[in-house]
2 protein chains.
Amino acid sequence: MGITRNSRRDELQSLLTQDPFLTDLQLAEALGVSVATIRLDRMALDIPELRERTKIIASKTYTKLKSIQGSEVIGELIDIEVGAYAISILSVLDDMVLERTKILRGHHLFAQGNSLAVAIVNWHTALTASAKLRYHRPVTLSDRVIAKASLIVKDKNHYTIQVESRVQQELVFQGEFVVVALNEKEEGDSHKNRS
Amino acid sequence: MGITRNSRRDELQSLLTQDPFLTDLQLAEALGVSVATIRLDRMALDIPELRERTKIIASKTYTKLKSIQGSEVIGELIDIEVGAYAISILSVLDDMVLERTKILRGHHLFAQGNSLAVAIVNWHTALTASAKLRYHRPVTLSDRVIAKASLIVKDKNHYTIQVESRVQQELVFQGEFVVVALNEKEEGDSHKNRS
DNA sequence: CCTCCTATTAAGACCTGGTGCTAACCTAAA
DNA sequence: TTTAGGTTAGCACCAGGTCTTAATAGGAGG
C-alpha cells in the first residue's frame, strides 16, 4: 500500500514491543493489510504467535519477578544474625543491566543493601530513614555481588547499618543506612522519622 | 480413587501453585482422574484455563517488570530538559509495597530518583557515583509519587543532581545524586569514578 | 432387593488463534 | 508480453479449552 514492505515490518516490530499481546487480526487492521500478510511478516521476522509470546513473557517473568519484588530480601540471603550482620548474594541477570553497556543499574545494588539493612533490624515495621551511598566500580552482567551488612550503631529505635558489596573481593558499593523500627502505633504517622 | 474429592481439589490447587502451566490433561494424569473431572474441579475452585492463567501471569508482570527493570526511566517521564531538570510520576502498585504494612519499598523511590538523575545527564554512559538520601514520610499503596530532579552543579563530567519526590505536595523523599558521564574509553575501567 | 443421589466419565459441537499449504491475484519491471 | 515479487484468499488441521447432554459407577436408605 502506501508504505513499503520493510517499513511495514519495522512498524510491526514496534507495535509488538509496545504491546506484545496483539493478535494477527489486530495487527492486520493496524497495518492495513490482510492477516495472511501479517503471518508472512511474522515468519520473516521470526516472531512467534501470540500464545507463544504470552507464554515466554509469563515463564520468563514468573520466577524473576519474585526475585526483585516478591521476596522481602533482594538477592539470596545466605547468612544472618539478627541485630548484628547479614549477607546476601545477587546474581546479575541480563534484565538488570543497561542495554548498551551491560552495567548493572544502580538501584539493584541499593535494593540489595537496603533490604539487608532492614532484615538485620528484624522488626515488624522497619523503614529506611536515610542513606549515603558510594558506587566504586561498575558491576556488569553475570557478576555475583556479595553484600555484607553490619549494624554499627543502635540508638533507641534508630539503627545505623554499614553495607559493603563486593564482586570477587573487590569493593563495588558502600552504603550507610539508617533504619527506623516503628511501633505499631506510629505506623502511617511517622512524620518524625528523620534520622 | 483412594482419595476424597476435597483432598483431590487441594492437591490440584497445590499442583497449580507449584506450576501454573499445567494443562487439564497433565493434571488429570497426575491426579488419576479424567479430564472432565479436572474441568469440574477447576469450575468449582474458580480456576481459569491454562491460557487464561498464562495471560494473567504475563500481563500482570509485563508492565511491572518494565517499570522496575525494562525501561530506562523508572516511573513515567513527563517532562525533561536535558542538563536542567526532569520530572516523572510513579504509581505505587501492590507489588511494590511491603506485604504487611502496604508501605512502598524504599528502593523504588531511589530507582525513580536515580533514573531521573541519569536521564538529565543524557550521556551514553552515565553512572551514579554516590548519593545521599532522606526518606521523610512513608509512601503507601496507590499513592502517586511525583519526582523532580534538577541539576545543581556540573563540574567537568560530574553532575550533582537534587531530587525531590512528593505525594500530594508533601515531601516524601529527597536525594542528592552525583552522576558521572563516562567517555567511551573509560568504560569498564572506571576505577577513579569516586566523586 | 431396588431406588435415589452423587460423583465421575464420555461424547459431540463449538471457539480462538493460530499453522501449513495451495492457488489466485496485482503490479511493475525486463 | 512474460516474469517475478508481494499480497491475499481458502481450506484443512491443531491445542486447549468451552458448554451441554447423556451414560455409568457406587453407595446409602428404604
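Every chain is numbered from 1, with letters handed out A, B, ... down the list of sequences.
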State whether Glu11(B) and Arg8(B) are salt-bridged, where the test is any N-O pair (Lys NZ or Arg NE/NH1/NH2 against Asp/Glu carboxylate O) under 4.0 Å. no

Please tell me if Arg39(B) has a side-chain N or O lying less than 4.0 Å from either OP1 or OP2 of dT8(C). no

To the nearest angstrom, the CG-P distance between Asp24(B) and dC19(D) comes to 12 Å

State, without any angle test, whether Ser34(A) and Thr37(A) hold a side-chain donor-acceptor pair at a distance under 3.5 Å. yes

Nearest-Å distance, CZ (Arg42(B)) to P (dG16(D))? 12 Å

Return no unless some side-chain N or O of Ser34(A) is found under 4.0 Å from OP1 or OP2 of dT8(D). yes

Mind calculating the distance between CG (Leu50(A)) and C1' (dT19(C)) to the nearest angstrom? 14 Å

Looking at every strand, decide which applies to Leu40(B) at a 4.0 Å heavy-atom threshold: base, sugar-phosphate, or nothing. base

Between dT19(C) (P) and Glu52(A) (CD): distance, integer Å: 10 Å

Are Arg8(B) and dT8(C) close enough that a side-chain N or O sits under 4.0 Å from OP1 or OP2? yes

Can you check whether any acceptor in the base of dG17(D) is under 3.5 Å from a donor in the side chain of Arg51(B), or vice versa? no

Which whole-number value in Å describes the distance from Ile47(A) CD1 to dT19(C) C1'? 16 Å

Over 60° means perpendicular and under 30° means parallel, so classify the ring planes of Phe110(B) and Phe177(B), tilted if in between. tilted

Return the value, rounded to whole Å, for the distance between atom NZ of Lys55(B) and atom P of dA15(D). 20 Å

Leu25(A) CG - dT16(C) C1' separation (whole Å): 11 Å

Distance criterion of 3.5 Å, no angle test: do you see the side chain of Arg5(A) paired donor-to-acceptor with the base of dG6(D)? no

What nucleotide, of dT19(C), dT8(D), dG17(D), holds the atom closest to the side chain of Thr23(B)? dG17(D)

Have a look at Arg53(A) and say if it touches a base, only the backbone sugar-phosphate, or nothing, with a 4.0 Å heavy-atom cut-off. nothing

Whole Å only: how far is the CD1 atom of Ile38(B) from the P atom of dG17(D)? 11 Å

Which residue is it: Ile152(B), Leu116(B), Val121(B), Val118(B)? I am looking for the one with a side-chain contact (heavy atoms from CB on, under 4.5 Å) to Ile161(B). Val121(B)

What's the closest nucleotide to the side chain of Val33(B) if the choices are dT9(C), dC19(D), dT8(D)? dT9(C)

Can you check whether Val180(B) reaches Trp123(B) side chain to side chain, under 4.5 Å on heavy atoms? no

